[in-house]
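Structure first, commentary second.
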Amino acid sequence: MVALTEAVNYEDIVKRLSKKDRIAIVSCNTCVRFIGTGGEGKIDELASRLRNDGFTVTDQVLVTMGCVEQYLRDLHISTAVNKIIVLACKAGIANARRVFPDKEIIGGTKTKGLVVLHRELGVEKLMMAYKEYKGDVGKEYALFTGEEQREEKIKMEVEK
Amino acid sequence: MIISLLSKSYEDLKKEITKNDRIVVWTCNNCIRFCGIGGRDKAKELADLLKKDGYNVIHIETIGTSCVIDLVEERKRHRATAGIFANATAIIPLACEDGYEAVKYVFNDKKVVKVTKTLGLGVLTTDGAVLTAPFEDTGLKETDKGYRLRDAASKLGLYTDFSR
């Protein structure tokens, strides 16, 4: 179930926004929350920063799984919103583009690949990666922060 | 959602097990169910097929997500299932490749038979799962519309069920 993501730089998100925009932030509450790139806290953090910088964030929405079409169809996004920042994996971002074709979708994360995770050890391990992140296969990241770990905790052989 | 398909036909699967094996059919109840190749019903279908062919299926185990290693470990030591897994010689996970790796890691003294190929990420639409972000090595391009899983199976020489 778990995709590993990294956050897009705030400056790269801002480049795609103007002060006239009506902005919604939608976050998945599953994989991105586990690695600290999404979830309610991250929505609040991003919304506050944008508002402090003079942008108009009108909607903040948490969705259980961003990759389920019906979940996005059931969201109530203000009609005035013209841009949606999506904190979800590639699939959640694609889903948002499918469901909200009249709005500009801005991906707030980049997807590295798929992981196994161990809650007691507090880490995720990248097992399968998209091409850009192949060099990271086998690396481990702390749950909820995404901090790269120096020491391997899941002693699992990984095909690189 | 992780998108996976079956990498083996039923006949190929049978080549990796013996009539002496004590088999557990293992299934996730999440992504793989939405891909139509796992979940309780599909696991039972596979177990029934194997039993009909004379294989010794001792148990079907359903788990929320196999990619969470400590959940898999819990099954190994929980009093309700520990005995079953101690007795088993082979596990067939209906799970993505990450789930397969987690099962193999936890049950490292068992034969764990890989039957799936994981293709990337996708969306559960109202018409079923589609593959929107395939891994580059599949040769498929990223697309918001997505590939229907039957089409992806056909393009990649994979299977959508174990039916003979």
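Every chain is numbered from 1, with letters handed out A, B, ... down the list of sequences.
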Could you check whether atom [atom1] of [X] has more than 12 heavy atoms from other residues, nucleotides or ligands sitting under 6.0 Å from it?
X        : atom1 : answer
B:Asp41  : CG    : no
B:Glu136 : CD    : yes
B:Lys19  : NZ    : yes
B:Arg148 : CZ    : no
B:Lys145 : NZ    : no

Cluster check [X], [Y]: I/L/V/M/F/W/Y, side chain < 4.5 angstrom:
X        : Y       : result
B:Val106 : B:Ile58 : yes
A:Val86  : A:Val68 : yes
B:Ile23  : B:Leu49 : yes
A:Val8   : A:Val26 : no
A:Tyr71  : A:Ile84 : yes

Full working for side chain to side chain contact (heavy atoms under 4.5 Å, CB included) between B:Asp137 and A:Tyr130: CA-CA 9 Å; B:Asp137 61 10; A:Tyr130 287 97; over 6 Å; no
When [options] are compared by non-hydrogen pairs under 4.5 Å with chain A, the top option:
options                               : value
B:Val130, B:Thr143, B:Thr125          : B:Thr125
B:Ala133, B:Cys31, B:Cys28, B:Gly146  : B:Ala133
B:Asp70, B:Leu121, B:Asp144, B:Val123 : B:Asp70
B:Ile3, B:Thr126, B:Thr65             : B:Thr126

Side chain to side chain contact (heavy atoms under 4.5 Å, CB included) assessment of B:Tyr105 paired with A:Ile154: CA-CA 9 Å; B:Tyr105 173 73; A:Ile154 303 171; 4.0 Å; yes
B:Val72 versus chain A, the contacting section by heavy-atom distance below 4.5 Å: neither
Structural part of B:Thr118 lying under 4.5 Å from a heavy atom of chain A: both
Interatomic spacing from SG in A:Cys31 to CD1 in B:Ile2 - rounded to 0.5 Å: 7.0 Å
Flag, side chain of A:Glu69 to backbone of B:Leu124, donor-acceptor distance under 3.5 Å: no
Chain B neighbours within residues 95-128 of chain A, where any heavy atom lies under 4.5 Å away: A:Asn95, A:Arg97, A:Arg98, A:Thr111, A:Leu114, A:Val115, A:Val116, A:Leu117, A:His118, A:Arg119, A:Glu120, A:Met127, A:Met128
Residues from residues 37-66 of chain A approaching chain B under 4.5 Å (heavy atoms): A:Met65
Audit row: A:Met156, B:Ile69, side chain to side chain contact (heavy atoms under 4.5 Å, CB included) steps and yes/no: CA-CA 11 Å; A:Met156 181 186 276; B:Ile69 296 172; 3.8 Å; yes
Minimum heavy-atom distance between A:Ala91 and B:Gly122, given as atom pair plus value: CB-O, 3.2 Å
Pairs of heavy atoms under 4.5 Å with chain B: top-ranked of A:Glu157, A:Lys155, A:Gln70: A:Lys155
